[in-house]
Amino acid sequence: MLRSHRASRLVRALPSTRRAAHDLTVLPSKPVISYGPAGRSAVSGHVATVFGATGFLGRYLIAKLAKGGTQVIVPFREEDEARHLRVTGDLGQIVPLEWDLRNEEQIRECVRHSDIVYNLVGRDYETKNFDYQSVHVKGAELIAQICAESPSVSRFVHVSHLNASVDSPSAFYRTKALGEEKVKKAFPNATIVRPGPMYGHEDKLLNNMAIWPILWKLNHGETQISPVHVFDVAQALAILQASAPLPKTLSLPGPTSYTYESIMNLIQNLTYNAPSRAPTVPKPVALLLARAAQLVWWPTLSPDEVERRYLSDVKVPGDWESLGIVPDELEHVAINYVRRYRSAANFAKPVEPRPHKAAGSYHVTE
Ligand SMILES: NC(=O)c1ccc[n+]([C@@H]2O[C@H](COP(=O)([O-])OP(=O)(O)OC[C@H]3O[C@@H](n4cnc5c(N)ncnc54)[C@H](OP(=O)(O)O)[C@@H]3O)[C@@H](O)[C@H]2O)c1
């Protein structure tokens, strides 16, 4: 009697041993049963493949998936680029696999056991081996086709861009839109996610503005964008793993629209650095310089990126509410990412913006 009383107390103390209806998800391909303690040592029962895992967004998505107990297949091209991801999950939860975007067998191997596949592959600039077409269109189509043929994969999430449009003057945005079409054709139930420009520790937005302000003065800094926190986009993608049925398209712009100039003002005020005196370069000159810079072998501002600096983000309402996410305001979190650009004397100073420019005055009001 005493023993059974003790045993029942033990069962009550270990909630992980209890089973509830929400522990079972029945996917078209297989039933998924979650078990184990909450957190890092949990087992969600899901297996996810994240193509483009080694990029900026990839690390945050993988950390969120692995923290919830999902086993994550991490395709990599360069082993060192995936090394930092191993520690984001418990032992055995992160499985790096070598792949090439043109190798069907390797892609098939990467998705063999997964029930959800994320495609985060994208490139801001073209290289000798991979132009926009081969990465955003052909590559996306091949991955979607292989996922559609795979018996285990029931969900496919493709990350595109807020400004993807077949009519865009930018080849990057055009190929992103063409890629979406190919993906929808190959995997009709695919979810297309369209984030705005993302910021975070490793971004190419705030860091680049702080280091190269001259490159953001194109168009007199008047181009308007809706920057979004990379954490919020990763959270949205991670939520999709558990939601069924998945939405068809998700637009994820940041909550507020800013001009480049207002973001640079924000950075200057937060870093206590003097405003840049760099001149505004006319577009034809910027295009000429960008074309000349293509002769070097390291990535530089490409002519297509110059074109994009003149294109404001499309104004669409974000689908945040349906996901239960309240996206962060840039002004509230930017200090975390730009403090490193303060001088040693100013490093520990308080965060409040200087009185002559209140935080609220940075954003563009319509
Ligand atoms: N960053 C933004 O502000 C932003 C905004 C909206 C949408 N997006 C889209 O969101 C996705 C993720 O963005 P991100 O900022 O994380 O991009 P990122 O840091 O540039 O990472 C891109 C990823 O794609 C992989 N990749 C690129 N070309 C490849 C190729 N030819 N073969 C195989 N893998 C290749 C890279 O692998 P390697 O490490 O091996 O190069 C890397 O893992 C992209 O599709 C991007 O277009 C980004």
Side-chain angles (χ1 to χ4, degrees), residues 49-63 72-85 96-104 106-107 110 118-144 157-165 168 170-180 183 192-209 225-234 236-237 250-254 263 298-299 302 304-305 308-309 311 313-314 316 318 330 337:
T49 301
V50 181
F51 291 104
T54 49
F56 170 42
L57 174 60
R59 69 169 64 199
Y60 295 99
L61 172 61
I62 289 168
V72 192
I73 313 297
V74 173
F76 67 88
R77 295 196 288 178
E78 172 64 52
E79 199 171 3
D80 279 347
E81 297 296 321
R83 210 179 286 277
H84 63 283
L85 298 170
L97 283 182
E98 192 168 1
W99 83 303
D100 185 295
L101 187 54
R102 299 159 293 195
N103 189 321
E104 289 184 30
Q106 284 179 334
I107 298 176
C110 287
Y118 294 92
N119 180 19
L120 273 49
V121 174
R123 198 64 340 148
D124 282 347
Y125 50 87
E126 298 186 299
T127 62
K128 196 169 62 148
N129 294 322
F130 291 99
D131 57 11
Y132 290 134
Q133 182 77 16
S134 58
V135 177
H136 299 150
V137 187
K138 273 199 212 158
E141 184 183 24
L142 184 61
I143 295 174
V157 180
H158 176 73
V159 178
S160 180
H161 195 288
L162 188 64
N163 298 332
S165 162
S168 175
S170 151
F172 176 89
Y173 292 146
R174 279 200 307 276
T175 50
K176 276 288 190 186
L178 291 172
E180 285 184 13
V183 165
I192 308 292
V193 179
R194 298 171 140 206
M198 289 183 280
Y199 60 87
H201 275 296
E202 308 82 3
D203 70 17
K204 294 177 199 123
L205 186 69
L206 303 182
N207 286 306
N208 208 296
M209 279 185 176
I225 56 166
S226 306
V228 59
H229 200 179
V230 68
F231 280 13
D232 292 329
V233 177
L237 292 174
L250 280 176
S251 295
L252 302 178
I263 302 179
W298 59 87
S302 69
D304 194 73
E305 279 176 289
R308 272 178 267 153
R309 296 278 158 94
L311 300 174
D313 281 356
V314 292
V316 288
L330 173 67
Y337 307 122

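The structure displayed is predicted, hence computed values, not measured ones. In each ligand, atom 1 is the first atom listed, and ligand 1 is the first ligand listed.
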Atoms in ligand 1 with a heavy atom of [X] nearer than 4.0 Å:
X	answer
Leu101	30 (C), 31 (N), 32 (N)
Val135	31 (N)
Leu57	16 (O)
Ser160	7 (C), 8 (N), 9 (C)
Phe130	31 (N)
Gly52	23 (C), 24 (O), 43 (O)
Trp99	33 (C), 34 (N)
Phe172	47 (O)

Heavy-atom nearest neighbour of atom 44 (C) of ligand 1 within options Leu120, Ile225, Val159: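 Comparing heavy atoms across Leu120, Ile225, Val159, the nearest one to atom 44 (C) of ligand 1 lies in Leu120.
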Can an N or O of [X] be found at a distance shorter than 3.5 Å from an N or O of ligand 1?
X	result
Lys176	yes
Glu78	no
Thr54	yes

Return yes when [X] approaches ligand 1 closer than 4.0 angstrom through a heavy atom, no otherwise.
X	result
Gly196	yes
Glu202	no
Arg123	yes

Apply the test side-chain contact (heavy atoms from CB on, under 4.5 Å) to residues Val228 and Leu162: give CA-CA distance (whole Å), side-chain angles for both, the deciding distance (0.1 Å), then the verdict. CA-CA 11 Å; Val228 59; Leu162 188 64; over 6 Å; no
What residue and heavy atom of the protein are closest to atom 4 (C) of ligand 1, and at what distance?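 Answer, as residue, atom name and distance: Met198 CE, 3.4 Å.
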Provide, to 0.1 Å, the distance between atom 17 (O) of ligand 1 and the closest protein heavy atom, together with that atom's residue and name.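 So the nearest neighbour among protein heavy atoms is Phe56 N, 4.5 Å.
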Can Arg308 be said to sit on top of Phe172's aromatic six-ring, NZ or CZ under 6.0 Å from centre and within 45° of the ring axis?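 That pair qualifies as a cation-pi contact.
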Option passing side-chain hydrogen bond (donor to acceptor under 3.5 Å, both in side chains) with Ser160 (candidates Arg194, Glu180, His136):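 The side-chain hydrogen bond (donor to acceptor under 3.5 Å, both in side chains) with Ser160 is passed solely by Glu180 among Arg194, Glu180, His136.
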